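What follows is one structure encoded as C-alpha coordinates, with my remarks underneath.
It should be emphasised that the depicted structure is a prediction, and the values quoted were computed from it without experimental measurement.
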Amino acid sequence: MGWHAYAALWCGVFGALALVGYGRSLAGMTRAQRTVRAKGRIERVEEPRHGSSPKDGISVVVSFQDPSTGQEFTVTNDGERGERISVAWTGREIGVSYPRGRPHAVRFSHRFSEGGRGLGRPNFSLFLVYAGLVAVAVVDRGWPWALVGFCGPWTLSGLFHLPGNVRDRNRRIDELAAMAVVPGRVVAVLRSVTVDSDGQTLTTLMPVVTFTTLDGREVTAYCGSGIPDPAGSRGSDLTIHYAPADPADFVLDVEAERRSWKRDMAVNVVGVLVVAAAAVVGVVAL
(Lines give C-alpha, C1' and ligand atoms only; values in the text may rest on other atoms or scores of the structure.)
Protein backbone atom coordinates (compact mmCIF):
# COMPACT_ATOMS: atom_id res chain seq x y z
CA MET A 1 0.00 0.00 0.00
CA GLY A 2 1.50 3.34 -1.05
CA TRP A 3 1.72 6.61 0.83
CA HIS A 4 -1.36 8.08 -0.81
CA ALA A 5 -3.42 5.02 0.07
CA TYR A 6 -2.51 5.36 3.75
CA ALA A 7 -3.37 9.07 3.61
CA ALA A 8 -6.71 8.27 1.96
CA LEU A 9 -7.46 5.65 4.63
CA TRP A 10 -6.57 8.17 7.37
CA CYS A 11 -8.85 10.84 5.92
CA GLY A 12 -11.63 8.34 5.21
CA VAL A 13 -11.69 6.90 8.74
CA PHE A 14 -11.64 10.24 10.53
CA GLY A 15 -14.03 11.75 8.00
CA ALA A 16 -16.51 8.96 8.71
CA LEU A 17 -16.11 9.49 12.45
CA ALA A 18 -16.78 13.19 11.99
CA LEU A 19 -19.94 12.50 9.98
CA VAL A 20 -21.19 10.04 12.59
CA GLY A 21 -20.53 12.58 15.32
CA TYR A 22 -22.34 15.38 13.50
CA GLY A 23 -25.23 13.03 12.77
CA ARG A 24 -25.54 12.08 16.45
CA SER A 25 -25.51 15.77 17.36
CA LEU A 26 -28.30 16.56 14.90
CA ALA A 27 -30.32 13.67 16.32
CA GLY A 28 -29.76 14.87 19.88
CA MET A 29 -28.00 11.64 20.88
CA THR A 30 -24.64 12.90 22.18
CA ARG A 31 -23.73 12.58 25.86
CA ALA A 32 -23.76 16.35 26.28
CA GLN A 33 -27.30 16.55 24.89
CA ARG A 34 -28.55 13.69 27.07
CA THR A 35 -27.14 15.24 30.22
CA VAL A 36 -29.52 17.08 32.54
CA ARG A 37 -28.10 20.33 33.88
CA ALA A 38 -29.38 22.29 36.84
CA LYS A 39 -28.31 24.78 39.47
CA GLY A 40 -27.31 23.42 42.84
CA ARG A 41 -27.06 25.29 46.13
CA ILE A 42 -24.48 24.60 48.82
CA GLU A 43 -26.34 24.05 52.09
CA ARG A 44 -23.43 23.17 54.37
CA VAL A 45 -19.64 23.48 54.26
CA GLU A 46 -17.21 21.46 56.38
CA GLU A 47 -13.76 22.84 57.09
CA PRO A 48 -11.02 20.50 55.75
CA ARG A 49 -8.97 18.63 58.33
CA HIS A 50 -5.37 19.80 58.64
CA GLY A 51 -2.98 17.36 56.96
CA SER A 52 -5.65 15.54 54.94
CA SER A 53 -5.52 15.08 51.16
CA PRO A 54 -6.66 17.94 48.90
CA LYS A 55 -7.82 15.66 46.06
CA ASP A 56 -11.42 15.31 47.22
CA GLY A 57 -12.09 19.02 47.53
CA ILE A 58 -13.95 20.85 50.28
CA SER A 59 -16.70 18.70 51.73
CA VAL A 60 -20.13 20.21 51.00
CA VAL A 61 -23.80 19.29 51.03
CA VAL A 62 -25.67 20.40 47.92
CA SER A 63 -29.39 20.57 47.15
CA PHE A 64 -30.89 20.82 43.68
CA GLN A 65 -34.16 20.37 41.85
CA ASP A 66 -34.73 18.05 38.89
CA PRO A 67 -35.92 20.39 36.08
CA SER A 68 -38.26 17.77 34.57
CA THR A 69 -39.99 16.48 37.72
CA GLY A 70 -39.44 19.29 40.22
CA GLN A 71 -38.23 16.77 42.80
CA GLU A 72 -35.69 18.03 45.33
CA PHE A 73 -32.45 16.13 46.00
CA THR A 74 -29.72 16.59 48.58
CA VAL A 75 -26.29 15.05 47.93
CA THR A 76 -22.69 15.33 49.05
CA ASN A 77 -19.53 15.60 46.96
CA ASP A 78 -17.93 12.40 48.24
CA GLY A 79 -16.24 10.14 45.67
CA GLU A 80 -15.95 10.96 41.97
CA ARG A 81 -18.25 13.94 41.60
CA GLY A 82 -16.87 15.94 38.70
CA GLU A 83 -14.86 19.06 39.41
CA ARG A 84 -13.20 19.40 42.79
CA ILE A 85 -14.97 21.99 44.93
CA SER A 86 -12.13 24.33 45.90
CA VAL A 87 -14.15 27.39 46.98
CA ALA A 88 -17.35 27.09 49.00
CA TRP A 89 -19.76 29.03 51.14
CA THR A 90 -23.30 28.42 52.29
CA GLY A 91 -25.70 29.60 49.60
CA ARG A 92 -23.24 29.43 46.71
CA GLU A 93 -24.77 28.25 43.42
CA ILE A 94 -22.81 25.64 41.49
CA GLY A 95 -23.44 23.61 38.36
CA VAL A 96 -25.03 20.18 38.67
CA SER A 97 -25.23 17.61 35.87
CA TYR A 98 -26.31 13.98 35.65
CA PRO A 99 -27.56 11.40 33.10
CA ARG A 100 -31.25 11.69 32.36
CA GLY A 101 -33.24 9.76 34.94
CA ARG A 102 -30.24 9.25 37.27
CA PRO A 103 -30.11 12.30 39.57
CA HIS A 104 -28.01 10.46 42.18
CA ALA A 105 -25.17 10.06 39.62
CA VAL A 106 -24.60 13.79 39.96
CA ARG A 107 -21.43 15.63 39.01
CA PHE A 108 -20.52 19.14 40.09
CA SER A 109 -18.90 22.06 38.31
CA HIS A 110 -17.93 25.46 39.68
CA ARG A 111 -20.26 27.29 37.34
CA PHE A 112 -23.65 26.52 35.86
CA SER A 113 -23.51 25.76 32.14
CA GLU A 114 -26.25 25.17 29.61
CA GLY A 115 -24.07 22.48 28.03
CA GLY A 116 -23.09 22.01 24.41
CA ARG A 117 -24.01 19.88 21.43
CA GLY A 118 -21.26 17.31 21.80
CA LEU A 119 -19.27 18.53 18.80
CA GLY A 120 -15.81 18.32 20.37
CA ARG A 121 -14.87 14.89 19.02
CA PRO A 122 -16.38 15.41 15.52
CA ASN A 123 -14.54 18.73 15.21
CA PHE A 124 -11.28 17.08 16.26
CA SER A 125 -11.83 14.30 13.72
CA LEU A 126 -12.39 16.91 11.04
CA PHE A 127 -9.15 18.60 12.06
CA LEU A 128 -7.32 15.28 11.65
CA VAL A 129 -8.73 15.00 8.13
CA TYR A 130 -7.42 18.48 7.37
CA ALA A 131 -4.03 17.59 8.89
CA GLY A 132 -3.86 14.54 6.62
CA LEU A 133 -4.57 16.65 3.54
CA VAL A 134 -1.89 19.15 4.54
CA ALA A 135 0.59 16.31 5.07
CA VAL A 136 -0.11 15.01 1.54
CA ALA A 137 0.44 18.51 0.14
CA VAL A 138 3.75 18.81 2.05
CA VAL A 139 5.05 15.47 0.72
CA ASP A 140 3.93 16.12 -2.85
CA ARG A 141 4.66 19.84 -3.16
CA GLY A 142 7.24 20.75 -0.50
CA TRP A 143 7.67 22.19 2.98
CA PRO A 144 6.10 25.63 2.31
CA TRP A 145 2.71 23.95 2.38
CA ALA A 146 3.29 23.05 6.03
CA LEU A 147 3.66 26.73 6.89
CA VAL A 148 0.67 27.74 4.79
CA GLY A 149 -1.52 24.84 5.83
CA PHE A 150 -0.95 25.05 9.57
CA CYS A 151 0.25 28.59 10.31
CA GLY A 152 -2.32 30.22 8.00
CA PRO A 153 -5.45 28.96 9.86
CA TRP A 154 -3.67 29.44 13.18
CA THR A 155 -3.02 33.07 12.29
CA LEU A 156 -6.64 33.65 11.29
CA SER A 157 -7.81 32.07 14.54
CA GLY A 158 -5.39 34.22 16.53
CA LEU A 159 -6.51 37.41 14.80
CA PHE A 160 -10.16 36.45 15.37
CA HIS A 161 -9.68 35.85 19.10
CA LEU A 162 -7.16 38.62 19.82
CA PRO A 163 -9.75 41.45 20.23
CA GLY A 164 -11.67 39.28 22.69
CA ASN A 165 -8.46 38.56 24.59
CA VAL A 166 -7.76 42.29 24.81
CA ARG A 167 -11.28 42.91 26.14
CA ASP A 168 -10.86 40.11 28.69
CA ARG A 169 -7.54 41.58 29.81
CA ASN A 170 -9.00 45.07 30.23
CA ARG A 171 -12.05 43.71 32.04
CA ARG A 172 -9.86 41.67 34.38
CA ILE A 173 -7.70 44.69 35.23
CA ASP A 174 -10.87 46.69 36.00
CA GLU A 175 -12.12 43.82 38.20
CA LEU A 176 -8.85 43.77 40.11
CA ALA A 177 -9.11 47.50 40.77
CA ALA A 178 -12.66 47.09 42.12
CA MET A 179 -11.93 44.19 44.50
CA ALA A 180 -12.94 44.43 48.13
CA VAL A 181 -10.34 43.87 50.86
CA VAL A 182 -10.96 41.75 53.96
CA PRO A 183 -8.78 39.87 56.47
CA GLY A 184 -8.33 36.13 56.05
CA ARG A 185 -6.68 33.26 57.85
CA VAL A 186 -5.02 29.97 56.93
CA VAL A 187 -6.98 27.30 58.84
CA ALA A 188 -5.35 24.14 57.44
CA VAL A 189 -2.63 22.91 55.13
CA LEU A 190 -3.54 19.85 53.07
CA ARG A 191 -0.87 17.39 51.97
CA SER A 192 -0.68 15.05 49.00
CA VAL A 193 2.23 12.60 48.57
CA THR A 194 2.85 10.81 45.26
CA VAL A 195 5.65 8.70 43.82
CA ASP A 196 6.66 9.29 40.18
CA SER A 197 7.94 6.73 37.67
CA ASP A 198 11.54 7.28 38.85
CA GLY A 199 10.66 6.48 42.45
CA GLN A 200 10.92 10.11 43.57
CA THR A 201 8.49 11.18 46.28
CA LEU A 202 6.60 14.38 45.48
CA THR A 203 4.80 16.29 48.21
CA THR A 204 2.17 18.88 47.31
CA LEU A 205 0.91 21.35 49.90
CA MET A 206 -2.40 23.17 49.62
CA PRO A 207 -3.25 25.87 52.19
CA VAL A 208 -6.91 26.39 53.03
CA VAL A 209 -8.00 29.94 53.82
CA THR A 210 -11.18 31.34 55.28
CA PHE A 211 -12.53 34.87 55.10
CA THR A 212 -15.82 36.65 55.58
CA THR A 213 -17.09 38.92 52.84
CA LEU A 214 -18.42 42.37 53.55
CA ASP A 215 -21.98 41.05 53.15
CA GLY A 216 -21.43 38.23 55.64
CA ARG A 217 -20.63 35.19 53.50
CA GLU A 218 -18.14 32.87 55.20
CA VAL A 219 -15.85 31.53 52.47
CA THR A 220 -13.60 28.47 52.68
CA ALA A 221 -11.15 28.11 49.80
CA TYR A 222 -8.04 26.39 48.58
CA CYS A 223 -5.22 28.88 48.01
CA GLY A 224 -2.62 27.37 45.71
CA SER A 225 -0.46 30.45 45.19
CA GLY A 226 0.63 33.64 46.90
CA ILE A 227 1.58 32.17 50.29
CA PRO A 228 5.40 32.25 50.71
CA ASP A 229 5.75 29.34 53.16
CA PRO A 230 2.79 26.96 52.73
CA ALA A 231 4.17 24.31 55.09
CA GLY A 232 4.28 26.68 58.05
CA SER A 233 1.38 28.91 57.14
CA ARG A 234 -1.33 27.36 59.32
CA GLY A 235 -2.75 30.01 61.64
CA SER A 236 -1.23 32.93 59.75
CA ASP A 237 -3.28 36.01 58.87
CA LEU A 238 -3.66 37.21 55.29
CA THR A 239 -5.16 40.06 53.33
CA ILE A 240 -7.75 38.82 50.83
CA HIS A 241 -8.83 40.75 47.75
CA TYR A 242 -12.07 39.39 46.28
CA ALA A 243 -14.67 40.30 43.67
CA PRO A 244 -17.84 41.43 45.49
CA ALA A 245 -20.06 39.70 42.92
CA ASP A 246 -18.19 36.39 43.20
CA PRO A 247 -16.00 35.65 46.24
CA ALA A 248 -14.61 32.60 44.40
CA ASP A 249 -12.57 35.15 42.45
CA PHE A 250 -9.98 36.17 45.03
CA VAL A 251 -6.25 36.92 45.07
CA LEU A 252 -3.65 37.72 47.67
CA ASP A 253 -1.45 40.00 45.56
CA VAL A 254 -3.38 42.25 43.18
CA GLU A 255 -0.26 43.79 41.65
CA ALA A 256 1.23 40.38 40.81
CA GLU A 257 -2.05 39.33 39.21
CA ARG A 258 -2.16 42.52 37.15
CA ARG A 259 1.41 42.00 35.92
CA SER A 260 0.60 38.40 35.01
CA TRP A 261 -2.32 39.44 32.81
CA LYS A 262 -0.20 42.06 31.08
CA ARG A 263 2.52 39.46 30.36
CA ASP A 264 -0.04 37.01 29.00
CA MET A 265 -1.38 39.66 26.63
CA ALA A 266 2.13 40.41 25.36
CA VAL A 267 2.78 36.69 24.81
CA ASN A 268 -0.48 36.36 22.83
CA VAL A 269 0.40 39.27 20.57
CA VAL A 270 3.95 38.03 19.96
CA GLY A 271 2.65 34.53 19.26
CA VAL A 272 0.19 35.76 16.62
CA LEU A 273 2.94 37.84 14.96
CA VAL A 274 5.35 34.88 14.84
CA VAL A 275 2.77 32.52 13.37
CA ALA A 276 1.66 35.13 10.84
CA ALA A 277 5.29 35.67 9.78
CA ALA A 278 5.71 31.91 9.30
CA ALA A 279 2.58 31.81 7.13
CA VAL A 280 3.89 34.69 4.99
CA VAL A 281 7.22 32.89 4.55
CA GLY A 282 5.32 29.83 3.35
CA VAL A 283 3.32 31.85 0.81
CA VAL A 284 6.43 33.56 -0.51
CA ALA A 285 8.29 30.24 -0.81
CA LEU A 286 5.53 28.55 -2.85
Side-chain angles (χ1 to χ4, degrees), residues 1-33 35 83 109-111 113-176 196-198 200 202 224-225 256-286:
M1 186 181 293
W3 156 254
H4 289 89
Y6 283 114
L9 179 62
W10 171 281
C11 294
V13 169
F14 286 108
L17 290 175
L19 289 176
V20 170
Y22 291 131
R24 284 172 54 83
S25 178
L26 289 173
M29 297 173 57
T30 65
R31 178 181 296 181
Q33 292 169 318
T35 297
E83 293 183 15
S109 59
H110 285 115
R111 299 184 184 278
S113 171
E114 295 290 347
R117 298 168 57 191
L119 297 178
R121 292 184 179 180
N123 288 342
F124 183 66
S125 295
L126 191 62
F127 168 77
L128 292 177
V129 173
Y130 175 78
L133 295 175
V134 173
V136 171
V138 172
V139 172
D140 288 347
R141 302 187 181 185
W143 61 267
W145 283 96
L147 297 179
V148 174
F150 290 114
C151 295
W154 196 357
T155 300
L156 295 177
S157 176
L159 292 174
F160 177 78
H161 288 99
L162 192 58
N165 292 340
V166 172
R167 289 193 296 269
D168 290 342
R169 176 255 190 190
N170 292 336
R171 180 170 62 249
R172 180 57 177 168
I173 290 178
D174 291 341
E175 290 172 351
L176 291 172
D196 62 17
S197 58
D198 297 327
Q200 298 291 326
L202 304 176
S225 62
E257 182 80 1
R258 184 179 289 112
R259 289 193 299 269
S260 174
W261 274 83
K262 290 181 178 180
R263 285 195 302 268
D264 288 347
M265 192 68 253
V267 169
N268 288 338
V269 172
V270 171
V272 171
L273 292 176
V274 170
V275 174
V280 171
V281 170
V283 171
V284 173
L286 287 178

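Sorted by first and then second residue, the side chain to side chain donor-acceptor pair (under 3.5 Å) pairs involving residues 259-280 (not counting sequence neighbours) are E257-W261. The side chain to side chain donor-acceptor pair (under 3.5 Å) contacts involving residues 13-31 comprise Y22-N123, T30-Q33, where partners must be two or more places apart or lie in separate chains.
A donor-acceptor pair under 3.5 Å is absent between the side-chain atoms of S157 and the main chain of P153, judged by distance alone. A donor-acceptor pair is defined here as one N or O able to donate and one able to accept, closer than 3.5 Å; no such pair exists between the side chain of W145 and the backbone of V136.
Annotation: R258, atom CZ; neighbour count of heavy atoms from other residues, nucleotides and ligands within 6.0 Å is above 12.
When all heavy atoms of L17 and S125 are compared, the closest pair comes out as CB-OG, 3.9 Å. Of all heavy-atom pairs spanning A279 and T155, the tightest one is CB-OG1, 4.2 Å.
Atom CG of N170 sits about 11.0 Å away from atom CD of E175, to the nearest 0.5 Å. In this structure, CG in L133 is found 11.0 Å from CG in L128, a value given to the nearest 0.5 Å. Rounding to the nearest 0.5 Å gives a distance of 10.5 Å between SG of C11 and CG of L126.
Residues that satisfy the side-chain contact (heavy atoms from CB on, under 4.5 Å) test with F127, not counting sequence neighbours, are F124.
Under the 6.0 Å cut-off for aromatic ring centres, F14 and W10 qualify, their centroids lying closer than that.
Between D168 and R171, at least one side-chain nitrogen of the basic residue sits less than 4.0 Å from a carboxylate oxygen of the acidic one, meeting the salt-bridge criterion.
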